[in-house]
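One structure is given below, encoded as C-alpha cells.
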Amino acid sequence: MTAIMVPARDLASGNRGTWRRGYARNLAVTDTVVLTTATVGADLLWTPMGSTVVLTGGMPTPVPYWLVSLALIGVWAVALGLFASRDQRVVGSGTIEYRRLGEATVFVFGAIAIGSYVGAVELGRAYLLTAFAIGLSGLVLTRWGWRQWLRREQSAGRCLAPVIVVGDRTSGDAIGAISALPGSGYQVIGVVSDEQLVDPAGALHLGGLAHLETRIAELQPHAIIVTSVGVLGQDRMQQLGRTLAQRGAELIVTPGLVGVGGPRIHARPLADLPLLQLDYPELVGAKAVMKRLVDILGALALILLALPVMLAAAVAVATTSPGGFLYRQERVGRGGRPFFMLKFRSMRVDADAELAALLAAQGTDGHPLFKVQSDPRVTKVGRFIRRYSIDELPQFFNVLMGDMSLVGPRPQRPAEVALYDEFASRRHIVKPGVSGLWQVSGRSTLAWEDAIRLDLSYIDNWSLAGDIVILWRTVRAVMRPGAEAY
C-alpha cells in the first residue's frame with residue numbers, strides 16, 4: 001500500500017495540540033499579570049498604607065490588605081482554571097471563552113460578597129469594585145489581543161491542528177467551512193471517503209474507509225472530523241473513539257446542520273441515544289425588549305459621538321453640490337412595512353431616475369441588490385463619505401424612531417423586494433439594521449446569494465453578544481475600508 005505523503009510543516013504546525021498547550025500557558029501568564037495589576041492597583045488606590053481587615057470569630061484578627069490582595073489573586077487564578085477559561089476547545093474563537101472569564105470573575109466576587117456579609121468582615125467596596133472592573137476588562141482585552149496574534153499566525157500557516165475528515169460525498173461542505181473560517185485552528189490535510197466528493201476545497205483524498213486506521217497511524221492527526229456517522233456505523237465509531245483516545249487525538253462529529261448557531265442546539269440524551277434539540281429563532285419578549293433598549297441607548301450615544309462629523313458632512317454636502325444635505329429614500333422594513341431611510345446625500349439631485357439605465361448597462365437589473373460600480377452619479381464629497389460610511393450616520397435617527405435597529409439585514413428598495421423569493425422574504429422577520437452581518441463580511445463585493453445567506457444566518461442565530469461583535473467589526477471596517485467599499 002502506498003503511503004500518503006503530507007508536508008512535515010503541515011503536521012509540525014499543530015500536531016497533538018502543541019501550539020494549543022503553549023497558547024494556554026501564555027494565557028495563564030497574562031491572566032496572572034492582569035489579576036495582580038488589578039488587585040494591587042485597587043489596593044494602592046483605595047487602602048492607606050498599613051490598612052487591615054478585621055476577621056471576626058473567637059478572637060478578632062486584623063489582616064493586612066496586602067495579604068487579602070494576595071489571597072484574592074490566588075483564588076481568582078484558581079477560579080479561571082476551574083471554569084476552564086483556558087480549555088483548548090474554547091480558546092481562540094467564539095464567545096464561550098469570554099463568557100467563562102465573566103462567570104469565574106462573578107463567582108469569585110459574589111462569594112467574597114456573601115462571605116463578607118455572613119462573617120461581618122468589612123472589606124472596602126471601592127477596593128472590590130475597582131479590582132473587579134480592572135480585572136475583568138483586562139482579562140477580556142488581553143484575551144482579545146492574543147486572538148489577534150493567533151489570527152496572524154494562522155494566516156501564515158502556523159498554529160494549525162491537522163485533521164482528517166471522514167464522511168461521504170457531502171464532506172466537501174464541511175471542508176470548505178473549516179478552510180474558510182478564520183480562527184478554526186484546524187488544517188484539513190485530507191479526507192477519507194468511499195465516494196466522490198463535491199468540491200473538496202483542494203483537500204487530499206486519502207483513500208476509502210478501509211484505509212482509515214492506516215492513515216491515522218501514518219499521519220497522526222490532531223483530530224478526526226466525522227461528517228456522516230452512518231458511513232462508519234456504531235461499532236466502528238466506538239472503536240475509532242478508543243483508538244483516538246489511546247493516541248491522544250480528538251474525535252469530532254458534525255450533526256449535519258448548516259447555518260444553525262451553537263446557542264440554538266441543545267443536547268438531550270435519551271438512554272444511550274444522543275438527541276439534538278433545535279430552538280426556533282424568536283426575537284420576542286425579553287429578547288426584543290433588550291435589543292430595543294440597546295438600540296435606543298446605543299443610537300443616542302453614537303449620535304452624540306458623531307455629532308461633529310455629521311455637522312461637517314452636512315456643511316460639505318450642502319456647499320459643494322446643488323440640493324439639500326439630507327436624502328430620504330423609501331425602504332421596506334419589518335413585516336414589509338415601508339419607511340423613509342435617512343442618509344447624507346452622496347449623489348447629484350434626481351440620481352434615482354438614472355438607476356434603471358445604469359443597472360441595465362452593467363447587467364444587474366434583474367438582481368435584488370442594486371449596486372452600481374464606478375457610479376457616475378456620486379459627487380466628489382459623496383465618494384468620500386460613502387467610503388467611510390459617513391453618509392449612513394443619519395440612520396441613527398431611524399433607529400430612535402423605531403424603524404431600524406443598530407444591527408440587522410440592510411433595508412432594500414421596494415423594487416428590490418419585488419424580486420425576492422419566499423426564502424429571501426424572511427429578511428423582514430426583524431427590523432432592518434444600520435449595519436449587518438454581510439456588511440462586515442465583504443460589503444459591496446458579496447453576491448446576492450451570499451448576502452441573503454448571511455442575513456438569514458443572523459436572524460436564525462441572533463444574540464446580543466453577536467450584535468456587539470458585528471458592531472465592533474463594523475467600526476473596524478469603517479476605519480479601514482478596503483476596495484469593497486464604494
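Worth saying up front: this structure is predicted, and the values here are computed from it rather than measured.
- Taking 4.5 Å as the limit, every side-chain heavy atom of His211 sits out of range of all side-chain heavy atoms of Leu206.
- One finds no salt bridge joining Asp455 and Arg426 here, because no Lys/Arg side-chain nitrogen approaches an Asp/Glu carboxylate oxygen to under 4.0 Å.
- Residue Ala79 comes nearest to Val108 through the heavy atom pair CB-CG2, 3.4 Å, listed as atom of the first residue, atom of the second, then distance.
- A donor-acceptor pair under 3.5 Å is formed between the side chain of Thr30 and the backbone N or O of Leu27.
- Gln187 contributes atom CD, which lies 11.5 Å from atom SG of Cys159 (distance to the nearest 0.5 angstrom).
- The shortest distance between side-chain heavy atoms of Ser69 and Tyr127 falls below 4.5 Å.
- For the atom pair Met404 CE and Gln395 CD, the distance stands at 4.5 Å (nearest 0.5 Å).
- The main-chain N or O of Trp149 is never found under 3.5 Å from a side-chain atom of Glu153 such that the two would form a donor-acceptor pair.
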Determine whether Arg247 and Ile216 satisfy the following criterion, side chain to side chain contact (heavy atoms under 4.5 Å, CB included), listing intermediate values before the conclusion. CA-CA 9 Å; Arg247 295 179 173 275; Ile216 292 174; 3.8 Å; yes
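- When atom types are taken as modelled, the side chain of Ser389 and the backbone of Glu392 share no donor-acceptor pair closer than 3.5 angstrom.
- One finds the CD atom of Gln88 at 7.5 Å from the CZ atom of Arg21 (value rounded to the nearest 0.5 Å).
- Side-chain contact check for Ser85 and Tyr98: no donor-acceptor pair (N or O, by modelled atom type) lies under 3.5 Å.
- None of Ile470, Thr474, Leu471 except one satisfies the side-chain contact (heavy atoms from CB on, under 4.5 Å) rule with Leu406; the exception is Leu471.
- Using a 4.5 Å cut-off on side-chain heavy atoms (C-beta onward), Tyr458 and Asp467 make contact.
- Atom CG of Leu139 and atom CD1 of Ile134 lie 11.5 Å apart (nearest 0.5 Å).
- Here the CH2 atom belonging to Trp472 is positioned 13.5 Å from the OG atom belonging to Ser435, to the nearest 0.5 angstrom.
- With hydrogens and angles ignored, the 3.5 Å screen pairs no side-chain donor or acceptor of Arg334 with any backbone N or O of Val430.
- Under the 30°/60° scheme for interplanar angles, the aromatic rings of Phe83 and Phe107 are found to be tilted.
- Side-chain contact of Tyr23 with Arg86: a donor-acceptor pair under 3.5 Å is absent, judged by distance alone.
- Between Ala249 and Pro221 the shortest heavy-atom distance is CB-O, 3.7 Å.
- Residues Ala84 and Val90 come closest through the heavy atom pair O-CG2, 4.0 Å.
- Under a 3.5 Å cut-off, the side chain of Lys291 and the backbone N or O of Val407 do form a donor-acceptor pair.
- Leu136 is not listed as a side-chain neighbour of Val106, based on a closest heavy-atom distance of 4.5 Å or more.
- Leu297 CG to Arg292 CZ: the interatomic distance, rounded to the nearest 0.5 Å, is 10.0 Å.
- Thr39 and Ala131 make their closest contact through CA-CB, 4.4 Å (heavy atoms, listed as atom of the first residue, atom of the second, distance).
- Side-chain atoms of Arg242 and Gln239 include a donor-acceptor pair closer than 3.5 Å.
- Taking a 6.0 Å sphere around CZ of Arg125, one finds it holds 12 or fewer heavy atoms contributed by other residues, nucleotides or ligands.
- Using modelled atom types, no side-chain atom of Thr105 and backbone atom of Gly102 make a donor-acceptor pair closer than 3.5 Å.
- Within the 4.5 Å cutoff, the side chain of Leu240 has heavy atoms near those of the Val226 side chain.
- With a 4.5 Å cut-off on side-chain heavy atoms, Leu35 and Leu80 count as touching.
- Electrostatic pairing of Glu218 and Arg215 counts as a salt bridge here, judged by a charged N lying under 4.0 Å from a carboxylate O.
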Check the pair Ile224, Val192 against side chain to side chain contact (heavy atoms under 4.5 Å, CB included), reporting the backbone distance first and the verdict last. CA-CA 10 Å; Ile224 297 294; Val192 173; over 6 Å; no
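- Remark: of the listed residues Leu251, Val166, Val231, Leu251 is the sole one forming a side-chain contact (heavy atoms from CB on, under 4.5 Å) with Met237.
- With contacts defined as side-chain heavy-atom distances shorter than 4.5 Å, the pair Ile459/Pro409 qualifies.
- Neither side chain, Asp31 nor Trp76, offers a donor N or O lying under 3.5 Å from an acceptor on the other.
- Minimum heavy-atom separation, Val434 to Arg410: O-NH1, 3.1 Å.
- When atom types are taken as modelled, the side chain of Tyr420 and the backbone of Arg427 share no donor-acceptor pair closer than 3.5 angstrom.
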Check step by step if salt bridge (charged side-chain N to carboxylate O under 4.0 Å, His left out) holds for Asp295 and Lys431. CA-CA 11 Å; Asp295 282 342; Lys431 290 181 182 179; 5.6 Å; no
Going through the checks in order, is the side chain to side chain contact (heavy atoms under 4.5 Å, CB included) test met by His428 and Val417? CA-CA 10 Å; His428 296 148; Val417 174; 3.6 Å; yes
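- For Trp46, the CH2 atom sits in a loose shell: 12 or fewer heavy atoms of surrounding residues, nucleotides or ligands are nearer than 6.0 Å.
- Taking the side chain as every heavy atom from C-beta outward, Ile112 and Leu128 approach each other to under 4.5 Å.
- Salt bridge annotation for Glu213-Arg236: present, with a cationic side-chain nitrogen under 4.0 angstrom from a carboxylate oxygen.
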For Val191 and Thr227, what are the C-alpha separation, side-chain angles and deciding distance, and is it a side chain to side chain contact (heavy atoms under 4.5 Å, CB included)? CA-CA 10 Å; Val191 59; Thr227 61; over 6 Å; no
